[in-house]
Amino acid sequence: FTVRHLTTHTPFRVHTSRMHVEVLGTEFNVADRRQITQVVLVRGKVQVQPTHRSVPPTLLRPGDLVEASDSDRTRLVQRQVRAEEYAAWRQHRWVLDDVPLSEVARRLEETFGKPVEFVDPALATLKVNGVISTQNLPELLTVLSGTIGQRIQLQGNRILVGGSPL
């Protein structure tokens, strides 16, 4: 979201199943997927609060990530991140900085709707670095294959990781 300040003083709010976000004039990213909701502040200020209101709201500063999970809806986990990595999807790219291949697989499934299977489960722990365009799935898989030195290919409606080195 990119929110522009208006003189009407009407608050802008985003509600997910796990938290409420109140915008105080800013640019931020909200990801509400599977069992986790994340808010990353790029610039400005936002305030977040778990839907379980016994926890006080948390004010974010640029570079803060706050996360709420299904496993503990009464608590927010906060840490500093490189906000541009979380907002890069708007330019159809991923910024990967020591990201496990298992996380890349999750992103592939969510972005392209195709299940990812590992021939060798140990490949899921490989770390991936780089900036990768997500505009074309076959090109993305070719770049990932070259990065990890293993074949990654589209087979029918699934993505198969491994099987033979490049």
Side-chain angles (χ1 to χ4, degrees), residues 1-3 14-21 23 26-43 46 48 50-51 58 60 62-73 75-166:
F1 294 91
T2 301
V3 180
V14 177
H15 302 282
T16 74
S17 61
R18 294 174 203 89
M19 70 173 77
H20 304 293
V21 180
V23 176
T26 192
E27 183 178 345
F28 64 103
N29 190 66
V30 175
D32 188 31
R33 298 203 171 103
R34 297 192 184 181
Q35 295 87 22
I36 294 175
T37 300
Q38 291 179 330
V39 176
V40 177
L41 182 59
V42 177
R43 63 186 153 104
V46 295
V48 297
T51 52
T58 300
L60 302 187
D64 282 348
L65 175 144
V66 169
E67 185 173 274
S69 68
D70 282 348
S71 62
D72 187 356
R73 289 184 179 234
R75 189 173 78 106
L76 294 176
V77 176
Q78 184 173 355
R79 67 182 187 270
Q80 280 282 298
V81 297
R82 290 181 34 204
E84 61 273 7
E85 292 179 20
Y86 292 84
W89 65 270
R90 296 182 313 183
Q91 286 81 38
H92 305 285
R93 59 189 177 97
W94 291 337
V95 177
L96 306 172
D97 186 17
D98 268 352
V99 175
L101 195 54
S102 60
E103 169 63 17
V104 174
R106 183 193 62 77
R107 290 186 193 186
L108 285 167
E109 289 177 352
E110 290 176 350
T111 303
F112 297 99
K114 299 188 182 304
V116 177
E117 296 177 24
F118 288 90
V119 172
D120 177 0
L123 293 174
T125 63
L126 290 177
K127 302 289 182 165
V128 181
N129 291 287
V131 178
I132 301 175
S133 172
T134 60
Q135 289 186 304
N136 180 295
L137 179 58
E139 287 177 18
L140 170 59
L141 297 180
T142 299
V143 170
L144 282 173
S145 292
T147 301
I148 68 165
Q150 289 284 323
R151 194 166 311 285
I152 301 176
Q153 54 192 344
L154 190 57
Q155 286 190 344
N157 196 39
R158 70 186 175 142
I159 297 169
L160 190 63
V161 178
S164 63
L166 291 180

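Everything numeric here is computed off the predicted structure, so don't read it as measured data.
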Using a 4.5 Å cut-off on heavy atoms from C-beta on, say whether the side chain of [Y] contacts that of [X].
X      : Y      : answer
Thr125 : Phe118 : no
Asn129 : Asp97  : yes
Val39  : Phe28  : yes
Ile152 : Val116 : no
Pro62  : Leu41  : yes

Give the minimum heavy-atom separation between Leu123 and Gly162, together with the two atoms involved.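 For Leu123 and Gly162, the tightest heavy-atom pair comes out as CD1-CA, 3.6 Å.
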
Quiz prompt | Closest non-hydrogen atom pair, Asn136 against Pro138 | solution =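 Closest approach of Asn136 to Pro138: OD1-CD, 2.9 Å.
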
Nearest-0.5 Å distance, [atom1] of residue [X] to [atom2] of residue [Y]:
X      : Y      : atom1 : atom2 : value
Glu67  : Met19  : CD    : CE    : 8.0 Å
Leu144 : Glu139 : CG    : CD    : 12.0 Å
Thr37  : Asp70  : OG1   : CG    : 7.5 Å
Leu108 : Lys114 : CG    : NZ    : 11.0 Å
Ser69  : Arg18  : OG    : CZ    : 8.0 Å
Leu101 : Gln150 : CG    : CD    : 9.5 Å

| task | Run the numbers on Leu60 and Gln78 for side-chain contact (heavy atoms from CB on, under 4.5 Å), then give the verdict. | result | CA-CA 9 Å; Leu60 302 187; Gln78 184 173 355; 4.0 Å; yes

(message) Show, in sequence, the C-alpha distance, side-chain angles and deciding distance for Val99 and Trp94, and conclude whether the side-chain contact (heavy atoms from CB on, under 4.5 Å) test is met.
(response) CA-CA 11 Å; Val99 175; Trp94 291 337; over 6 Å; no

Which residue, Val104, Val131, Thr147, forms the side chain to side chain contact (heavy atoms under 4.5 Å, CB included) with Leu96?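 Exactly one candidate clears the test, Val104.
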
- Would you please name every residue forming a side chain to side chain donor-acceptor pair (under 3.5 Å) with Gln80, sequence neighbours left out?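 In terms of side chain to side chain donor-acceptor pair (under 3.5 Å), with neighbours along the sequence ignored, Gln80 is linked to Asp64.
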
For Arg107, check side chain to side chain donor-acceptor pair (under 3.5 Å) against everything at least two apart and list the hits.
->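 Counting only residues at least two positions away or on another chain, Arg107 forms a side chain to side chain donor-acceptor pair (under 3.5 Å) with Glu103.
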
Check your understanding: Could you walk me through whether Ile159 and Leu137 pass the side-chain contact (heavy atoms from CB on, under 4.5 Å) check?
Key -> CA-CA 10 Å; Ile159 297 169; Leu137 179 58; 4.3 Å; yes

query = Does the side-chain contact (heavy atoms from CB on, under 4.5 Å) test come out yes or no for Glu84 and Val95, once each step is laid out?
reply = CA-CA 8 Å; Glu84 61 273 7; Val95 177; 5.7 Å; no

